[in-house]
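Here is the structure we will look at.
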Amino acid sequence: MNTQNADLHCHSTVSDGTLSPEVLAARAHAQGVRLWALTDHDEISGQARAASAAAALGLDYLTGVEISVSFLHATVHIVGLGFDPDNAALNEGLRHTRGGRTRRAHDMAADLARVGIKGAFEGALKYAGNPDLISRTHFARHMVETGVCKDTYEVFRKYLTEGKPGYVEHRWASLKEAVHWITAAGGVAIIAHPARYGFKPTEEYALLTEFIGHGGRGIEVITGSHSVAEAKIYTQTALEFDLLASCGSDFHSPEESRIELGALPRLPASLTPVWSVLSERIQRGAAAPAAA
Ligand code: AMP
Ligand code: MN
Ligand code: MN
Ligand code: MN
C-alpha cells in the first residue's frame with residue numbers, strides 16, 4: 001500500500017500555481033501519479049474541476065486544501081484531505097481566512113514602495129488567477145518579471161519574509177479552527193512540511209500535541225520542501241506521535257518548482273499512509289487501466 005505513487009499536495013491557478021486544475025490532473029497522470037489531491041491555499045473552488053478531470057483520466061482523487069494558520073510566531077500550513085467540499089462550516093471558515101488577503105497585499109505593496117518598488121499590488125494582481133487569493137508568490141513573480149530579482153527564490157531571500165521589505169504580519173485561522181473545519185467535514189488534518197517552520201524542539205512539541213489534541217491525525221513526511229535528512233527526522237516523529245504519513249510534491253509551476261508531480265520517493269514502509277484511513281473518501285478514476 002505504501003508503494004503507490006501518491007501526490008497529495010500541489011497548487012493550481014485557483015491559488016498560487018500556474019497551471020489549471022485540468023492541466024495539473026493530466027500532468028500528474030502523465031507523471032505516473034495514481035492517487036492525487038489538489039490542495040490550493042485557503043480555497044476549494046477548484047475541487048470539482050480537479051475531481052472530474054481526474055475521473056476522466058482514471059486517476060484516483062482525494063479532495064484537498066492547504067489552510068494558513070497562525071501558531072506562535074509562525075504561519076503553519078495544515079493540509080486537509082478527503083473532506084466533503086460542500087460542508088458549510090468549512091466553506092465559511094475558508095472564506096473568512098481568505099478575507100484579509102487583499103488588504104494585506106495593499107500593505108505589502110506600500111511597504112515595497114518604501115524601498116523604491118512601485119506598483120507591486122497591480123503587478124501581483126495580474127498574476128493572480130483568483131483575485132480573492134493574492135499571495136506572496138504572485139508578488140514574487142511580478143518582481144522577477146520586472147527585474148527586481150532573478151528568480152522567486154531570490155525574492156523570498158531578500159523580500160516578503162519576516163524582517164524584510166514587503167513583509168506584513170497577518171492573522172490567519174487558529175490551529176483549532178483549521179483542524180475542526182477539516183475533521184467536521186469528514187476529512188483528515190495533516191501538518192504540512194513540518195521542517196519549514198524553524199521551530200525550536202519545545203515549539204514543535206507544542207504544535208504536535210495541540211494539533212493532536214484538536215483531532216489532527218497526519219503529518220507530511222515526504223514533501224518537496226524536505227531534504228532527505230528531514231524526511232528521516234519526520235519519519236521518526238510520525239512513529240513517535242502515532243501520526244498517519246502523507247506525501248506530496250507541493251508543485252506550483254514547471255518553471256519554479258524543484259520537484260515534479262509524482263517525482264518524490266515513496267513513503268517509508270514503517271509508516272501508515274494517510275490514504276489507508278480514507279479508502280471510502282477516494283473518488284475512483286472511472287477509466288482506470290489494469291495494473292501493469
Ligand atoms: P502567502 O500564503 O501569501 O503567505 O504565500 C506563501 C507562499 O509563498 C507559499 O505557499 C509558497 O508558495 C511561496 N513561497 C516560496 N518560497 C517561500 C519562502 N521562502 N517563504 C515563504 N513562502 C514562500
Ligand atoms: Mn504556495
Ligand atoms: Mn505550504
Ligand atoms: Mn503548498
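Both counts, for ligands and for their atoms, begin at 1 and track the order of listing.
The pair R141-D16 fails the salt-bridge criterion, with no side-chain N (NZ, NE, NH1 or NH2) lying under 4.0 Å from an Asp/Glu carboxylate O. Ionic pairing of R114 and D111 is present here: one or more N-O contacts between side-chain nitrogen and carboxylate oxygen are shorter than 4.0 angstrom.
Aromatic rings of H226 and Y234 (six-membered ring for Trp) have centroids within the 6.0 Å cut-off, being under it.
Of the N or O atoms in R104, one or more lie within a sub-3.5 Å distance of an N or O in ligand 1. The shortest N or O to N or O distance between D16 and ligand 1 is below 3.5 Å. Residue T137 places at least one N or O, backbone or side chain, under 3.5 Å from an N or O of ligand 1. In terms of N/O distances under 3.5 Å, ligand 1 is not approached by H77.
T237 contributes atom OG1, which lies 10.0 Å from atom CG of L271 (distance to the nearest 0.5 angstrom).
Ligand 1 places these atoms under 4.0 Å from at least one heavy atom of R101: 1 (P), 2 (O), 3 (O). Here is the list of ligand 1 atoms found below 4.0 Å of a heavy atom in H252: 12 (O).
Legend: protein N/O/S atoms lying under 2.8 Å from the Mn ion (ligand 4), waters omitted, number 4.
Of the N and O atoms on the side chains of H193 and E220, not one donor lies less than 3.5 Å from an acceptor on the other residue. Between the side chains of Q283 and D60, no donor-acceptor pair is found at a separation under 3.5 Å. One side chain, Y61 or Q47, offers a donor N or O that lies under 3.5 Å from an acceptor on the other. Remark: the D42 side chain and the T97 side chain contain no N/O donor-acceptor pair separated by less than 3.5 Å.
Scanning the protein heavy atoms around atom 6 (C) of ligand 1, the nearest turns out to be R136 NH2, 3.7 Å. Considering only non-hydrogen protein atoms, atom 16 (N) of ligand 1 sits nearest to F156 CD1, 3.2 Å.
A cation-pi arrangement, defined by a distance under 6.0 Å to the six-membered ring centre and an angle within 45 degrees of its axis, is present between R258 and Y153.
At a heavy-atom distance under 4.0 Å, only side-chain atoms of H41, from C-beta outward, approach ligand 1.
Using a 4.5 Å heavy-atom threshold, the side chains of T39 and L8 count as separate.
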**Request:** Could you go through the side chain to side chain contact (heavy atoms under 4.5 Å, CB included) check for D250 and S257 one step at a time?
**Result:** CA-CA 8 Å; D250 209 354; S257 294; over 6 Å; no
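Contact between E66 and ligand 1 is absent, with no heavy atom of the residue lying under 4.0 Å from the ligand.
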